*Asks:* 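One structure is given below, represented as C-alpha cells, and several questions about it will come after.
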Amino acid sequence: MYNQEKINPYHAGEKAQQVEAMFDNIAPTYDKLNHRLSWDIDRYWRKKAIRQLAPFRPQAMLDIATGTGDFAILSAQMLKPQRLVGADISEGMMEVGRQKVRRLGLDKTITFEKEDCLNLTYNDETFDAVTAAFGIRNFADLDKGLKEMCRVLKKDGHLSIVELTTPVSFPMKQLFHVYSHTVLPTYGRLISKDTSAYSYLTKTIEAFPQGERMVEILRKAGFGQTSFRRLTFGICTMYFATK
C-alpha cells in the first residue's frame with residue numbers, strides 16, 4: 001500500500017484549495033521553470049507518451065491536470081483529434097494555456113474546462129483517450145482520480161500517463177536526491193517567488209507510487225492491460241493502460 005497522507009502533505013479537507021492556490025500563483029512562470037529545471041527533456045517525455053496513442057487514432061481526448069496545456073497542445077499537433085478537452089482546477093494555469101492555444105490557432109480543437117479531477121462532470125465512456133502529464137501525483141485521492149479517468153474512457157480506450165519518479169539505481173538515485181532537495185526548490189523559489197511550490201513538488205515525487213506498484217493501482221481502478229517504462233535513468237516513468 002502507498003502512503004496517501006505522505007503523498008498529500010496538506011490536510012485532506014484543504015488539499016484541493018491549497019493546490020489550486022499554489023498553481024494559480026506560479027502559473028506565469030510555470031512553463032519557463034519546467035523547461036529549465038528539466039533541461040527541456042520534459043518535451044521529449046511528452047512526445048514519447050503521446051506516441052503510445054498514435055496507432056489508435058483517438059478523436060475525442062481528455063487531458064487531466066492539463067495545467068498550461070503543453071501536453072494537450074502537443075497531443076493535438078501530433079494526433080490530430082477532432083476534440084481535445086484540457087481539465088484542471090487552476091484557472092490561472094488554464095488561462096496561460098488558452099493564450100498559447102489561441103496563438104497557435106488550435107482553439108477550435110482544444111478547450112479548457114475547470115474540473116475537479118476526482119469528480120468529473122463528463123458522462124461515462126465519453127473519450128477515446130485520456131492523458132495526464134506530471135499532474136496525477138497532486139490528486140488528493142489517487143484511487144478515486146484514476147477510477148474517474150477510467151469511467152469517462154470508452155471501452156477499449158487508452159490511458160497514457162507520464163509522471164516524474166525517483167531513480168532506483170546508483171548513481172542517478174543519489175544525484176537526483178541532491179538535485180531535487182537543493183537545486184530544484186532553490187531555483188524554483190527564485191523564479192516563481194513561491195516559497196513552498198517546488199519543495200512540495202519534491203515531496204510528491206518521492207511519495208508517489210512507482211513502477212509495479214502504480215500498475216497494480218491502475219488495475220484496481222478498472223484498467224485491463226497495463227505497462228510502464230522508465231525514461232532518462234528513471235527520472236520519469238510512462239504508464240499505458242487499456243480499459
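Quick caveat: nothing in here was measured; it's all calculated off a predicted structure.
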*Asks:* For residues T109 and Q82, is any side-chain donor paired with an opposing acceptor at under 3.5 Å?
*Replies:* no
*Asks:* Any non-hydrogen side-chain atom of L159 less than 4.5 Å from a side-chain atom of M149?
*Replies:* yes
*Asks:* Work out which heavy atom in G86 is nearest to a heavy atom in M94; give both atom names and the distance.
*Replies:*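 Taking every non-hydrogen atom into account, O-SD, 4.0 Å.
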*Asks:* Can you name the closest pair of heavy atoms from V162 and A49 and give their distance?
*Replies:*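 Closest pair (atom of V162, atom of A49, distance): CB-CB, 4.0 Å.
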*Asks:* Is F71 reachable from L104 through a run of hydrophobic residues whose side-chain heavy atoms are each under 4.5 Å from the next?
*Replies:* yes
*Asks:* Does any non-hydrogen side-chain atom of I50 lie less than 4.5 Å from one of K47?
*Replies:* no
*Asks:* Side chains of I64 and L120: does their closest heavy-atom pair fall under 4.5 Å?
*Replies:* yes
*Asks:* What is the minimum heavy-atom distance between K243 and L153, and which atoms define it?
*Replies:*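 That would be NZ-O, 2.7 Å.
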*Asks:* Compare all side-chain heavy atoms of D128 with those of F56 and state whether any distance is below 4.5 angstrom.
*Replies:* no
*Asks:* Kindly say whether M93 contributes a backbone atom to a donor-acceptor pair with the side chain of S90 at under 3.5 angstrom?
*Replies:*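 Yes: the side chain of S90 pairs with the backbone of M93.
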*Asks:* Return yes if some donor-acceptor pair links the side-chain N/O of N123 with the main-chain N/O of T126 below 3.5 Å, else return no.
*Replies:*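 The answer is no, because no donor-acceptor pair under 3.5 Å joins these two groups.
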*Asks:* Please work out whether the ring planes of Y239 and F228 are parallel, tilted or perpendicular, with thresholds of 30° and 60°.
*Replies:*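 Geometry flag for F228 against Y239: tilted rings.
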*Asks:* T166 and E206: side-chain donor and acceptor closer than 3.5 Å?
*Replies:* no
*Asks:* Counting only N and O atoms by type, is there a donor-acceptor contact under 3.5 Å from the side chain of K154 to the main-chain atoms of F127?
*Replies:*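 Such a contact is absent between K154 side chain and F127 backbone.
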*Asks:* Is it true that D143 and K147 have a side-chain N and a carboxylate O under 4.0 angstrom from each other?
*Replies:* no
*Asks:* Please determine whether salt bridge (charged side-chain N to carboxylate O under 4.0 Å, His left out) holds for the pair D70 and K100, giving the CA-CA distance in whole Å, both sets of side-chain angles, and the decisive distance to 0.1 Å.
*Replies:* CA-CA 9 Å; D70 272 4; K100 292 194 291 187; 2.5 Å; yes
*Asks:* Using side chain to side chain contact (heavy atoms under 4.5 Å, CB included), reason through L79 and M61 one step at a time and then give a plain yes or no.
*Replies:* CA-CA 10 Å; L79 301 176; M61 298 182 63; 3.8 Å; yes
*Asks:* Evaluate E163 against R230 for salt bridge (charged side-chain N to carboxylate O under 4.0 Å, His left out), listing each step before the verdict.
*Replies:* CA-CA 10 Å; E163 190 55 85; R230 291 188 173 94; over 6 Å; no
*Asks:* Is the backbone N or O of F134 less than 3.5 Å from a side-chain atom of R137, with the two atoms forming a donor-acceptor pair by type?
*Replies:* yes
*Asks:* State, yes or no, whether a side-chain contact exists between L106 and L84 at a heavy-atom distance under 4.5 Å.
*Replies:*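 Answer no - side chains too far apart.
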*Asks:* Can you check salt bridge (charged side-chain N to carboxylate O under 4.0 Å, His left out) on E91 and R98, steps first, answer last?
*Replies:* CA-CA 10 Å; E91 278 290 356; R98 290 184 186 104; 3.2 Å; yes
*Asks:* With a 4.5 Å limit on heavy-atom distance, are the side chains of E95 and F112 in contact?
*Replies:*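 In short, these two side chains do not touch, never coming nearer than 4.5 Å.
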*Asks:* Inspect the surroundings of CG in N119 and state if more than 12 heavy atoms from other residues, nucleotides or ligands are less than 6.0 Å away.
*Replies:* yes
*Asks:* Please determine, by modelled atom types, if R219 and T226 share a side-chain donor-acceptor pair under 3.5 angstrom.
*Replies:*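 The criterion, which ignores hydrogens and geometry beyond distance, is satisfied for T226 and R219.
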*Asks:* Check for a donor-acceptor pair, side chain of T165 on one end and backbone N or O of G234 on the other, with a separation under 3.5 Å.
*Replies:*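 Yes, the answer is positive, given that a donor and an acceptor are paired below the 3.5 Å cut-off.
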*Asks:* Taking the side chain as everything from C-beta on, heavy atoms only, tell me whether V152 gets closer than 4.5 Å to L62.
*Replies:*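 Answer yes - side chains close enough.
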*Asks:* Is the shortest distance from a Lys or Arg side-chain nitrogen in K155 or E125 to a carboxylate oxygen in the other one below 4.0 Å?
*Replies:*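 So K155 does not pair with E125 through a salt bridge.
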*Asks:* Are E115 and D88 side-chain neighbours, meaning at least one heavy-atom pair lies under 4.5 Å?
*Replies:*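 SC-SC contact between E115 and D88 ruled out.
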*Asks:* Charged N to carboxylate O below 4.0 Å: is that the case for R151 and E148?
*Replies:* yes
*Asks:* Applying a strict under-4.5 Å side-chain criterion to I, L, V, M, F, W and Y, I'd like to know whether V168 and L164 cluster together.
*Replies:*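 Different hydrophobic clusters.
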*Asks:* Would you say D63 and T131 are linked by a side-chain donor-acceptor pair, where the criterion is simply a distance under 3.5 Å?
*Replies:*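 Side chains of T131 and D63: pair found under 3.5 Å.
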